[in-house]
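Have a look at the structure below, then the notes.
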Amino acid sequence: MGNFGEPFLYLLVLGYGLGQFVGQVEGLTYMAFLASGVLCTSAVNSASFEGMYSAYTRMDVQQTWLGMLSTPVSIGEVVFGEILWAATKSLISVTAILIVATGLGLVADLWALLILPVAFLTGLCFASLALLVTSSAKSYDFFLYYTTLFITPMVLLSGVFFPIDTLPMGVQWLAKSLPLYHAISLVRPLMTGGELSYVIPHLSVLMLYGVTAGLWATSRIKKRLIK
Amino acid sequence: MKATNAPNLIVSSENLTKKYGDISVVDKLNLSIEEGCFCGILGPNGAGKTTTLRMFVGLCPIDGGSLTLFDKSMPENASVVRESVGIVPQMDNLDPDFTVEENLSVYGRFFGLSSSVLQSRIPELLAFSSLQDKANSKISELSGGMKRRLTLARALINKPKLLILDEPTTGLDPQARQAIWQKLRELKKQGLTLILTTHYMEEAERLCDRVIVMNHGEIKADAPPKKLIRKEIEAHVLEVHAAEDDLLSRIKQDTSVARFEKSGDIHFFYGEKLTQALDMLEQSSHDDYLFRPANLEDVFIKLTGRDLRE
Ligand SMILES: Nc1ncnc2c1ncn2[C@@H]1O[C@H](COP(=O)(O)OP(=O)(O)OP(=O)(O)O)[C@@H](O)[C@H]1O
Ligand SMILES: [Mg+2]
């Protein structure tokens with residue numbers, strides 16, 4: 001519920017309230033601009049939450065993973081399963097947002113359906129990162145650092161609320177080096193009927209982060225559980 | 001080529017070693033366990049029992065020596081080996097998100113069992129573990145004994161050839177413990193090989209064909225329980241509680257007292273007959289004593305010492 005509720009609040013309150021002042025952004029109403037950012041953020045948050053709090057519970061508190069490892073299942077499969085599940089959670093919340101956004105007239109055409117695979121990939125990427133964090137977590141408190149020091153600044157700087165070209169060059173490069181910017185760069189044109197560009201590079205960044213974090217997380221979790 | 005009359009070895013280790021830091025928690029273990037054997041592993045807290053069992057199934061890296069299960073070397077073949085092993089871990093790790101039945105079916109899925117196989121096997125296992133009425137209960141609604149029985153049922157979902165039980169009855173009441181014993185005996189009759197760790201000597205004595213006593217990662221003794229008692233210790237024990245020094249020193253004069261030990265205010269005298277000592281006690285006014293045949297616990301204490309661990 002939290003996964004759906006918060007994005008809607010942001011979309012409606014900011015979109016309506018701020019939209020009055022802001023007017024048009026990149027040729028879109030502010031709410032239409034904001035919708036794709038909020039949608040991607042929701043994919044990030046759903047996958048991160050599942051990959052941190054829920055996965056940690058299964059890894060440490062409930063020892064579910066050790067139970068699974070008493071069967072022919074391997075660590076790689078356990079971790080990949082968690083990543084798939086967390087990305088599925090992203091897909092669910094993004095689907096809900098997309099339906100509401102369509103109702104609000106914020107979606108241009110059927111190309112918007114391609115948002116779903118992009119959101120799933122975004123979920124895979126952030127789930128892998130979250131599991132990497134989980135692999136070194138000593139308690140739930142640890143996740144607050146990741147959220148406060150990484151996720152929140154990234155959301156603020158990646159073009160969710162405003163286009164990043166108003167930012168200093170250095171900060172722009174920082175934003176472009178993080179995965180969320182690339183997810184938004186794909187989702188926004190798909191949602192608003194804009195022109196897609198740099199599709200392969202954007203997808204590559206998301207995949208690169210996902211695969212690297214996923215492999216690293218697997219090896220760290222293996223060291224942690226099989227010791 | 002295998003000689004036809006040689007028994008099948010389920011587990012075989014040579015100088016198997018596990019170190020944490022500089023300490024060898026399992027120290028050059030040489031062990032072979034034959035098919036159909038019910039083998040008990042005893043040892044004080046921290047002796048290395050759980051670590052040994054974890055190595056058997058590839059859940060703990062091996063630092064030295066070699067290990068094979070079903071003639072397959074470990075840990076390379078861990079995944080294949082685990083297809084034929086059932087594990088009851090020391091700590092329950094049932095999935096609280098699922099019901100009793102779902103715990104069994106999800107676990108079966110991890111072994112790649114089809115839903116038609118599970119559909120026939122799960123009711124059997126629920127019956128075997130007397131949990132038919134609890135099929136749809138959440139794990140949090142089960143008692144400790146039910147959880148243990150479910151963990152046992154879960155360990156049998158893949159029809160294992162080897163069942164590994166790490167303290168399956170710790171923390172259970174006598175009824176629940178005996179229920180588990182009965183199940184284990186049934187499994188033994190079906191030809192399963194079982195390895196069990198326990199802190200209950202009586203449990204090992206009753207169930208196991210063979211008892212291995214571990215201490216500080218080493219095997220201190222390895223024999224059938226009856227034989228262990230005969231071989232390792234005197235036939236009888238006289239426990240004298242809170243006695244005067246004078247009386248104690250007179251008891252010690254009995255030449256059949258082979259050795260004695262003191263623990264708090266209890267003195268333990270070991271010997272074959274101890275007739276003189278008993279006479280002396282009878283004549284004295286002291287009546288707080290116990291004369292009994294030696295048991296596995298006495299052997300255990302002799303081999304691993306009276307000191308508290310950890
Ligand atoms: N992950 C670990 N890191 C460091 N030391 C460990 C680790 N796991 C176990 N040990 C140490 O290894 C030793 C053997 O532990 P193990 O769990 O095998 O004992 P055990 O015989 O099963 O004891 P118990 O009867 O209490 O279950 C103990 O001294 C324990 O502290
Ligand atoms: Mg143990």
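Letters go in sequence order (proteins before strands), and every chain restarts at 1.
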Contacting moiety of B:Leu59, where chain A heavy atoms sit under 4.5 Å:
both
Given heavy-atom pairs under 4.5 angstrom as the criterion, report whether the side chain, backbone, both or neither of A:Ile75 touches chain B.
neither
Per-residue contact mode, B:Pro61 against chain A (heavy atom under 4.5 angstrom):
both
Between B:Gly112, B:Pro89, B:Pro96, B:Ala155, which shows the greatest number of heavy-atom pairs under 4.5 Å with chain A?
B:Pro96
Under the side-chain hydrogen bond (donor to acceptor under 3.5 Å, both in side chains) rule, what pairs show up with a residue in residues 148-162 of chain B, not counting sequence neighbours?
B:Asp92-B:Arg148, B:Asp92-B:Thr151, B:Asn93-B:Arg154
Run the salt bridge (charged side-chain N to carboxylate O under 4.0 Å, His left out) test against A:Glu82 and tell me which residues pass, sequence neighbours left out.
A:Arg58
Is the ring pair B:Phe110/B:Tyr107 parallel, tilted or perpendicular, if the boundaries are 30 and 60 degrees?
perpendicular
Side chain B:Thr169, main chain B:Leu172, donor-acceptor under 3.5 Å
no
